[in-house]
Engineer: 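My structure is below; once you've seen it, I'll send some questions.
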Amino acid sequence: MTSLILKMSGIDKSFPGVKALSNVDLDLYKGEVHALMGENGAGKSTLMKILSGLYQPTDGTFYVKGKEVRFQSPADAEDAGISMIHQEFNLFPNLTVAENIFIERSSILGKAGLINWKSMYNKAQELIESLGATIDVRDKVQDLSVQSQQVVEIAKAISFDADILIMDEPSAALPENEVKNMLEVVRRLKEKGVAIVYVSHRMPEVFEIADKVTVLRDGNKIATKPVQETTQSELISMMVGKAVDELYPSKTKAISEDVVLAVQDLEITPRHQVSFELRKGEIVGLFGLVGAGTHNVAQRLFGLKRGGGTISINGKKVKISRPKQAKKNDIGYVPPDRHRHGLVKEMTVQENLTLTILEKLSYYSKLNKKKEKEIIQTYIQDLQIKTPHEKQVVNLLSGGNQQKIVLSKWLVTHPKILILEEPTRGVDVGAKAEIYALIQKLANEGMSILFISTEMPEVIGMSDRILVMHEGAIVKQYSYGEVEQNELLAIASSPGGIEVKTT
Amino acid sequence: GSEDQPSPAEEGAGEEVAEGTNSFFINPKSIGPAYFTAAERGAEQAGEDLGVEVIFNAPTETSSSDQINMIQDMMIREVSGIGISPNDGEAVVPVIGRAIEQGIPVVTWDSDAPNSERAYYVTPATDAELGEAFAEEIANQIGGAGDVAFMVAGLGSTNQIDRVDAAEAYFEANYPDINIVTVVASDDDQQRSYDNAQNLLNTYPELDGIVGFAGGEPPAAAQAVAQAIQNGSIEAGSIAITGFAVPSLVENYIEEGIIEKIITWDPAMLGYVSVYVLNELANGNEIPEGELEIANIGSVRVEGQNIFTGTIDLTEENIGEFDF
Amino acid sequence: MKRIMSIHEAPIILFTLIVFFIFTTLSPNFLQMSNLQTILLQITITGIIAIGMTMVILLGGMDLSVGAVLALVATIVGLLVNAGVNMWLAVLLGIVVGALCGAINGFIITMFNIPDIITTLATMYIFRGIAVFVSGGVWVTNFPKEFEFLGQGKLLGISFPVLVLFVLACGFILILGFTRFGRRIYAIGGNKNAARLSGMAMKRTKFFVYLYSGMLSAVAAAIYASNVGSIQASTAALNISFDVIAAVLIGGASIFGGTGTIVGSMFGILLLGIIQNGVIISQFSPYWVDAITGLLIIVAIIINSLKRWKDSLKLEGKLK
Amino acid sequence: MITIMKKTIHPFVNNQIVILLLLLVGLSLFFRLQSPYFLTQGNIFNILSQIVEIGLIAIPMTYVIISGNMDLSVGSIMGLAAVALGMFHTMAGLDIWLSVILALIVGILCGALNGLLIAKFKMQAIVVTIGTMVMLRGFIYVLTEGRPISGYPPEFYFLGQGQLGGLPFNTIVLVIAFVLAYYLIRQTRFGRYTYALGNNEEAVHFSGINEVRTRFIILVCNGFFAALAGVFLVSRLATAEATTGSGIELSVITAVLIGGTHIFGGRGSLVGTMIGVVIIGVLNNGLNLMGVSSLFQMVILGLFILIAVSRQKS
Ligand SMILES: Nc1ncnc2c1ncn2[C@@H]1O[C@H](COP(=O)(O)OP(=O)(O)OP(=O)(O)O)[C@@H](O)[C@H]1O
Ligand SMILES: Nc1ncnc2c1ncn2[C@@H]1O[C@H](COP(=O)(O)OP(=O)(O)OP(=O)(O)O)[C@@H](O)[C@H]1O
Ligand SMILES: [Mg+2]
Ligand SMILES: [Mg+2]
């Protein structure tokens, strides 16, 4: 009944020193959502980049609508009706949202071949609204939050009516409520007959939206199964190669009473302040929707922005107006945008990993390269970072492995307080479990962790205490095991409404 | 790919000129300006007439250090004589000393290095004389009193400074009523000279005269004045212009009466005489004091270490007679 | 429309006004109509070149060869009119030569992938050498009378070169704001990678930007020749590229590309023109002219950056 | 052997360096065939002392460009330091070595001004340094009224004209400075920061590193080296003039770019820069010896730049 629209067979892809894909097949039918899963570095993005014409396969053939095709560039793929949302953002920060969506479309040209700005804005606004988002399409993309940028990416990809839409981790940067909107859009596209390849590390989504799922491991295809015929644990064991019993570590240790970090009236915007405490060995989750101000809290604590209020560490007031001071006070920070703030992507794994501790690795600025190498090796092994060698340029690693590097570059500093913002963005389940276990272990060893995430399950699963933020204020606090997803989301979206109900 | 081996014959020709033939390095301040291209022609002509090799070269920018580098390179090449128009008369003193030590005769031309051991300075007149001549001319044209602006090529160029100093001193001594309102520099940029001239006209509505101390300045001043006259913002003849320029550049302005008189000389003559003098020195001949007749170009005056080639007053009468 | 010409240029416009005011108080001659006309006339050449340079800088490049192209074209146009060729034909041929120079830049940059700055640094040397060669090293001067129209003539009571600058600036403002070519320039400058992924014609865009830059330099060259009246190929417009780049950046453009407007650049040019004229009109000692000019450039750039620097430290009012 | 060499050299530069060396060797062979004087000891020393000033400035300029900046004011700083040296000695009557130190301090202060504006206040380096270039050159004219300053004690000429152990002293200084700078960029965290800054300044900031200070230090060094070059030039030419150093920034940047340093930072090598400096020196000298007009030298230099960097992808 449904027709085969894409057939990839025997795809091989080698990079210098890496065999990213070997003999991978993939069939795609009209109107289906086909999930692609696998660990970080399994080859998902590579396969999709081949499909969208960005890479050329080393070997193998593929057919679109029965015709063999060979794409030399993304433009070729676009002509064949294939559109892709890349794992990394590909927006023009200096242009407006509307321009980003429509820049290469001739539909925006009015009379005399000149751009009709008005109709472009209108069309863009419609499109954004159809995604259930509220973004002013006249804003420049550089002024948008990461989440809104993701929405723009999606809008851009669906703005022209592709037959095949590739979505490489579209939800990674989205908060829960917007993920729902996006899935709604995917469903609508599917009904219109678009074939969608959906790459994601988030199990619930896959079960919610996908018809079929294909699992890759180390560049090999493991299986393709209808979603109804598989389970979460089966998928995980296919991906990881072994079973993962528990995603979240168990809480065994009682938290000490020593307050490590005390924040009093911390100004996060000229009109909003927050106060809270963080105890030794405690994991505090900070949850809020877009615009709640969780990001600003992290920025203030790490000295990226300045403002009023006091920060005390171990009872002593400290001044933190630059990241360097934060680091001196044993604070580490894993930022949400690893590309811009986390990594020097043109440099090697080693150079990135030790960037934060070069002071300790050098004597009068002279580097101790031997010691540096030793440290590197331990972290590459402990965190199972997949890289051919420590001299690999970070740019060439898979997204999840890049994330692990950002995490480790702060772990090497042995911070007393670690601020994690979206620490598992784009990380596969296996690695996620490892990272969670690692975080718990660090906490058990006495590190205090501020866990900021828009992904509810992990906030709930990891936090000893959850602080919920709404419009620049902490509105509610829960202990471990005290709250479910529904309530958390409801509180975060409208605390007033809940309050009325409970009283 | 470009490493074709030259044939032995070519190599001989390119390197040491045939046995007994002298080769001279004539070094202007920089390569490119039309003034020095004219000098080059004179030098080459001399080379042809005297049967010697002439290498006329300089950096493309007026920079002492590049100029000295090039002189050093040519000393390595063992040329038989060097003629220099120094960008900075002091900076070339050591390198001239070294050349003399190596037995290479050196003259300066167009611009001098008075503290060096150079044998002669070939010049139309000393810079002080030129400055005075300009001053005298403008004083005559404006009737001995009024506001005068000076336009120079570079504020840091030796011969410009010497000329300006002399002109200033001359006014002080002879025309106390002449007031020098300002000195503007163009850095050899023709657009800049022109803009400067325009700005002068706007700044000093009462301006009586402009002296251009380098070849590009009087024409730029004349151009600006001509336009102002056309616009009606000043009256014809209200601003006198003089200074140095080659005839071809001021021909139109002199014919139109915007410029009354310009003091000029033929740069080719400087080039020619430099080569001639160097050749005499290299051949071990003395240069006699007093009038010296040089075949093909006429006579020059030798006074001590100065060799004067003379200046020409350009006016409406004679402007058509020159081809440089 | 309001958004395209957002308040990005506000600081530079303000500073231009302040400098204007200062010179007005310093010298009674400054505010004279004739002087204001002089200023406008003096900025036409840099202004026209700045249009092309703005586009080049928007792409994240830099065209160091503009001065050499100007020298070459001015020489050729001058030689042609002196040889009796019709003035407009000569200008047309000059523009063709300028376009060719631009095309050479564009070709080398896009085909061999050599960075813009290096390419134009190299062609700067090459074009200048060719210009001097073509001129034979002598002054090109004594142009026929009618040639003066280009640089000094009036049309509809307005100075012709100023009119040319105005028309070209408006034309390119339109092109940048309302054509796909124009928006592509911004897009490519903003994010090369994204441009590549969206299948944008990057090479073609870049090529044409350099072509236009060459053509605009050629137009400026024709006006230059007529205006100044004599051309010395070795020194004509020798340092103009730095002046123009400074003006464009003062006008709010970013050297990394993607940010900047022609309106801003025009104000940058105007500011430099006012300063250059003002320091002479105000009768500063000639030795102080450069020092003051440099100081004002620095002040201009300080004012430009102040807001950005403060923003980077301040807390934002809006939660995101 | 070769593979070991390749491994030890930074991955970005090895190809480029080999090509540059080949170009240099080819060029030298060509000039040797054209002129018997080219490979004489006298001429080699001649070339070496001619490249000293450009070489000295090119060292910190490599850092500046790798770290993602640009400094066009070096020529003016060099000139100001030269003139300051002259004025301290001949007008203020200070001891010559004290004057040298003060001139170097002038360079450091100019570098600090650039550093303050660029590193601290995050202004665009190109405009700032165009501004300081014009302004400092203006100060030179204010100070000197355009007149050259000469008259230094004989011992001062040792710096630019003397020899030590049969080698030109200024060349020895250049080599030492180069070796130190090479060590610094390869073996120290300062060098690591330099590269990182050129690639992603924000990530450096987010790593708790004082990126402002590193930038500042680099620009101050640039001022210092420009002043040092000025001092050596005065010693070599025996005079300080108002135009000293003007236009040198273009030669320096040309050398750095020929050496394979990426114009937008993040990549580059000091070895490449040094070869670039030597190539320019050899090219000038060889063409001069051949008697090629500097006009054509200009065209040849242009073509040469294109050939030398044609492998550097933008
Ligand atoms: N351009 C490249 N050059 C070299 N190696 C590459 C390149 N691109 C990808 N790789 C390698 O190929 C492998 C597959 O990478 P890919 O990005 O496809 O993984 P992925 O499945 O998308 O992972 P993630 O879930 O982390 O995004 C990885 O080992 C990666 O390091
Ligand atoms: N030649 C040099 N010129 C300038 N700085 C140098 C040089 N060599 C080494 N450095 C060092 O580079 C370092 C710059 O890095 P950074 O600003 O992070 O300093 P730091 O040592 O980490 O700071 P802290 O002293 O607070 O630990 C300086 O400490 C400085 O000592
Ligand atoms: Mg991926
Ligand atoms: Mg330290």
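Quick note on labels: first sequence line is chain A, next is B, and so on, each numbered from 1.
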Engineer: Under a plain distance cut-off of 3.5 Å, with no hydrogens placed, do S213(C) and D63(C) share a side-chain donor-acceptor pair?
Structural biologist: yes
Engineer: Do you see a donor-acceptor pair shorter than 3.5 Å between the side chains of N202(B) and Q32(C)?
Structural biologist: no
Engineer: Using non-hydrogen atoms and a 4.5 Å limit, figure out which bit of A237(C) sits close to chain B: side chain, backbone, both or neither.
Structural biologist: backbone
Engineer: Among P205(B), A228(B), A220(B), which residue forms the greatest number of heavy-atom pairs with chain C at distances under 4.5 Å?
Structural biologist: P205(B)
Engineer: Counting only heavy atoms closer than 4.5 Å, note whether T60(B) contacts chain C via side chain, backbone, both or neither.
Structural biologist: neither
Engineer: Identify which of T38(C), I45(C), I39(C), N142(C) forms the greatest number of heavy-atom pairs closer than 4.5 Å to chain B.
Structural biologist: N142(C)
Engineer: Would you mind checking which part of S230(C) comes under 4.5 Å of any heavy atom in chain B, side chain (CB onward), backbone (N, CA, C, O), both or neither?
Structural biologist: both
Engineer: If you draw a 6.0 Å radius around CZ in F267(C), do more than 12 non-hydrogen atoms from other residues or ligands fall strictly inside?
Structural biologist: no
Engineer: Closer than 3.5 angstrom, by distance alone: can the side chain of S282(C) be matched with the main-chain N or O of F284(C) as a donor-acceptor pair?
Structural biologist: no
Engineer: Report which part of Q190(B) has an atom under 4.5 Å of a heavy atom belonging to chain C: side chain, backbone, both, or neither.
Structural biologist: both
Engineer: Please state whether the side chain, the backbone, both or neither of F143(C) comes within less than 4.5 Å of a heavy atom of chain B.
Structural biologist: backbone
Engineer: So, are R192(B) and D290(C) salt-bridged, with charged N and O less than 4.0 Å apart?
Structural biologist: yes
Engineer: Out of L155(B), V184(B), D189(B), which one racks up the most heavy-atom pairs below 4.5 Å with chain C?
Structural biologist: L155(B)
Engineer: Less than 4.5 Å to any heavy atom of chain B: does that hold for the side chain of Q152(C), its backbone, both, or neither?
Structural biologist: side chain
Engineer: Please indicate whether E206(B) has more than 12 foreign heavy atoms, meaning atoms of other residues, nucleotides or ligands, lying under 6.0 Å from its CD.
Structural biologist: no
Engineer: Give the intermediate values and the outcome of side chain to side chain contact (heavy atoms under 4.5 Å, CB included) for residues F20(C) and L36(C).
Structural biologist: CA-CA 11 Å; F20(C) 188 88; L36(C) 299 184; 3.9 Å; yes
Engineer: Which atoms of E40(B) come close to chain C, meaning under 4.5 Å heavy atom to heavy atom: side chain ones, backbone ones, both, or neither?
Structural biologist: neither
Engineer: Between I240(C), T235(C), N35(C), which shows the greatest number of heavy-atom pairs under 4.5 Å with chain B?
Structural biologist: N35(C)
Engineer: Can you check whether T120(C)'s main-chain N or O pairs, donor with acceptor, with S65(C)'s side chain at less than 3.5 Å?
Structural biologist: no
Engineer: Side-chain donor-acceptor pair under 3.5 Å between D88(B) and Q67(B), yes or no?
Structural biologist: no
Engineer: Is Q276(C) close to chain B through its backbone or its side chain, or both, or neither, when contacts mean heavy atoms under 4.5 Å?
Structural biologist: both
Engineer: We want to know whether Y35(B) and D110(B) form a side-chain donor-acceptor pair, criterion being a heavy-atom distance below 3.5 angstrom.
Structural biologist: yes
Engineer: Shorter than 4.5 Å, heavy atoms on both sides: which option in V138(C), N239(C), L238(C), N227(C) has the most such pairs with chain B?
Structural biologist: N227(C)
Engineer: Check whether Q191(B) gets within reach of chain C through its side chain, its backbone, both or neither, counting any heavy atom under 4.5 Å.
Structural biologist: both
Engineer: Surrounding CZ of F21(C) (heavy atoms of other residues, nucleotides or ligands, distance under 6.0 Å), is the total greater than 12?
Structural biologist: no
Engineer: Does any donor atom in the side chain of E44(B) or Y272(B) lie under 3.5 Å from an acceptor atom in the other side chain?
Structural biologist: no
Engineer: Which bit of Q283(C) comes within less than 4.5 Å of chain B, counting heavy atoms only: side chain, backbone, both or neither?
Structural biologist: both
Engineer: Answer yes or no: is there a donor N or O on one side and an acceptor on the other, between the side chain of Q232(C) and the main chain of A34(B), under 3.5 Å?
Structural biologist: yes
Engineer: Counting a contact as any heavy-atom pair under 4.5 Å apart, which residues of residues 245-260 of chain B contact chain C?
Structural biologist: V246(B), S248(B), L249(B), E251(B), N252(B), E256(B)
